Amino acid sequence: DSGVTQTPKHLITATGQRVTLRCSPRSGDLSVYWYQQSLDQGLQFLIQYYNGEERAKGNILERFSAQQFPDLHSELNLSSLELGDSALYFCASTQVADSYNEQFFGPGTRLTVL
Amino acid sequence: AQSVAQPEDQVNVAEGNPLTVKCTYSVSGNPYLFWYVQYPNRGLQFLLKYITGDNLVKGSYGFEAEFNKSQTSFHLKKPSALVSDSALYFCAVRPLNTGFQKLVFGTGTRLLVSP
């Protein structure tokens, strides 16, 4: 158990809908990273937050947004969902902002868009 | 552009035999290099990392990796494979000396260890 929690574990929804994925980092970790894992794209970095502020941005679509709250949990919002958004979404956390520290990954949320 | 290549989609090895999972990278500047493992229906777990110093890095579960700067490679190795090592392995790179914060992952290599 990495200490990173993600809810829900599974999510099934329809095209055009909006969903929110939640991540709680390890106790003491200030930085949260979001990744998307799909069969055709592999593991793609989406976005990083550190202590409530956006730190780095990757291949995140405009339909997607994220935030980190004062209690350090993070939410990833996916809107106007398309079939191609079906994937595993992972969050990871580290104590500090820089990703030269190993990241601790949560178990993931499997999103299925029908 | 920063990139990582894992040339083998799958590696098959018999239990007790040595294993190698290959990784090559392309970055600007010196890299931080990582190996992660993903078991079915689980998140990624850190195995080992190279930051600086000795080119041979030892990590969890008996794995080690060798950093080769001239060949820009960071191959994962284990002297004697176990069936329980069967999983998906990811190499990742983060370049030093740049403002480039994110980790770049390879496409993954599935390791299958047969009894």
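In what follows, chains carry the letters A, B, and so on, assigned in the order in which the sequence lines appear, proteins first and then strands, with residues in each chain numbered from 1. Bear in mind the structure is a predicted one, so any value in this text is a computation, not a measurement.
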With a 4.5 Å cut-off on side-chain heavy atoms, are B/Tyr32 and A/Glu102 touching? no

ring-ring contact (aromatic ring centres under 6.0 Å, His included), that's the test. Do B/Tyr36 and A/Phe105 meet it? Break it down for me. CA-CA 10 Å; B/Tyr36 285 83; A/Phe105 282 77; 5.5 Å; yes

Please check if atom CZ in A/Arg26 has more than 12 non-hydrogen atoms from other residues, nucleotides or ligands closer than 6.0 Å. yes

Is there a continuous path of hydrophobic side-chain contacts, each under 4.5 Å between heavy atoms, that joins A/Tyr50 to A/Leu76? no

At a heavy-atom separation under 4.5 Å, does A/Gln37 approach chain B through its side chain, its backbone, both, or neither? side chain

Supply the atom-to-atom distance A/Phe90 CZ to B/Leu44 CG, rounded to the nearest 0.5 angstrom. 6.0 Å

What about B/Leu48 and B/Leu111, same hydrophobic cluster or not, with Ile/Leu/Val/Met/Phe/Trp/Tyr joined at side-chain heavy-atom distances under 4.5 Å? yes

Does a sphere of radius 6.0 Å around CG in A/Leu39 hold more than 12 heavy atoms from other residues, nucleotides or ligands, not counting ones at 6.0 Å or beyond? no

Please walk me through it: do A/Phe45 and B/Phe105 pass side chain to side chain contact (heavy atoms under 4.5 Å, CB included)? CA-CA 9 Å; A/Phe45 168 74; B/Phe105 284 88; over 6 Å; no

If you count the non-hydrogen atoms of other residues, nucleotides and ligands that lie under 6.0 Å from CD in B/Glu15, is the total more than 12? yes

For B/Leu88, is it the side chain, the backbone, both or neither that has a heavy atom under 4.5 Å from a heavy atom of chain A? side chain

Which of the residues B/Arg42, B/Gln45, B/Gln38 is involved in the greatest number of heavy-atom pairs with chain A at under 4.5 angstrom? B/Gln38

Using non-hydrogen atoms only, which part of A/Phe104 is less than 4.5 Å away from chain B: side chain, backbone, both, or neither? neither

So for atom CD, which belongs to A/Glu53, do other residues, nucleotides or ligands contribute more than 12 heavy atoms lying within a distance under 6.0 Å? no

